[in-house]
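The structure appears right after this line, and notes come after that.
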Amino acid sequence: MNEQNQRVKIVGARPFGDYVKGLEQVLSSQAQLPTNPQPALRKHLEKESLLFSREIEVMYDLQKDEVKTFIEKELSPNEYNFKEILGEMYIEVQ
């Protein structure tokens with residue numbers, strides 16, 4: 001809701017872009033939403049120490065079959081371990 005009591009209702013789990021569009025509708029057209037660049041996978045893994053494949057897919061806008069290649073490209077093999085739980089791949093810091 002903004003100062004003029006204009007509202008946008010977003011129901012259910014939606015893609016991030018839907019929330020951005022909702023904010024843009026409520027905020028004045030002159031306002032620019034600040035954006036932060038995506039952190040490098042190495043930095044993100046240092047902070048979290050464990051990341052599931054699905055998290056990496058969403059964060060870096062990847063397809064499921066692209067995740068392993070992306071990880072191998074971004075990190076050296078001695079920095080992480082691939083593991084799996086209930087059919088979901090994840091990586092953790094060594």
Task: Identified side-chain contact (heavy atoms from CB on, under 4.5 Å) partner of Y80 from the options E92, E74, E72 - done: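 The residue from E92, E74, E72 that satisfies side-chain contact (heavy atoms from CB on, under 4.5 Å) with Y80 turns out to be E72.
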
Minimum-distance pair of heavy atoms, taken over all atoms of [X] and [Y]:
{"X": "I71", "Y": "M89", "result": "CD1-CE, 4.1 Å"}
{"X": "P39", "Y": "M59", "result": "CD-CE, 3.2 Å"}
{"X": "L50", "Y": "L45", "result": "N-CD1, 4.1 Å"}

- [ ] Give a yes or no on whether a salt bridge exists between K64 and E57, defined as a side-chain N under 4.0 angstrom from a carboxylate O.
- [x]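 No, K64 and E57 are not salt-bridged.
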
Task: Check ion pair R54-E88 (N to O, under 4.0 angstrom) - done: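 Not counted as a salt bridge, because no side-chain N and carboxylate O are separated by less than 4.0 Å.
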
Open item on the list: Can you confirm whether more than 12 heavy atoms, excluding those of N78, are under 6.0 Å from its CG atom?
Closed with: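 Atom CG in N78 is packed in, count exceeds 12.
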
Open item on the list: A quick test of your reading: do over 12 heavy atoms of other residues, nucleotides or ligands sit less than 6.0 Å from CD of E84?
Closed with: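 Enclosed.
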
Task: Interatomic spacing from OG in S76 to CD in Q94 - rounded to 0.5 Å - done: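 Reported value, rounded in 0.5 Å steps: 8.5 Å.
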
Open item on the list: Return the CD to NZ distance between E66 and K73, rounded to the nearest 0.5 Å.
Closed with: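 Reported value, rounded in 0.5 Å steps: 10.0 Å.
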
Open item on the list: Grouping I, L, V, M, F, W and Y whenever their side-chain heavy atoms are under 4.5 Å apart, do V93 and F82 come out in a common cluster?
Closed with: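 In one cluster with V93: F82, yes.
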
- [ ] Consider only side-chain heavy atoms of I, L, V, M, F, W and Y, link residues closer than 4.5 Å, and tell whether L75 and Y90 are in one cluster.
- [x]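 No; tracing contacts between hydrophobic side chains, which count when under 4.5 Å, never links both residues.
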
- [ ] State, yes or no, whether a side-chain contact exists between I91 and F52 at a heavy-atom distance under 4.5 Å.
- [x]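 No, every pair of side-chain atoms sits at 4.5 Å or beyond.
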
- [ ] May I ask you to decide if the ring planes of H44 and Y60 are parallel, tilted or perpendicular, using 30° and 60° as cut-offs?
- [x]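 Perpendicular.
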
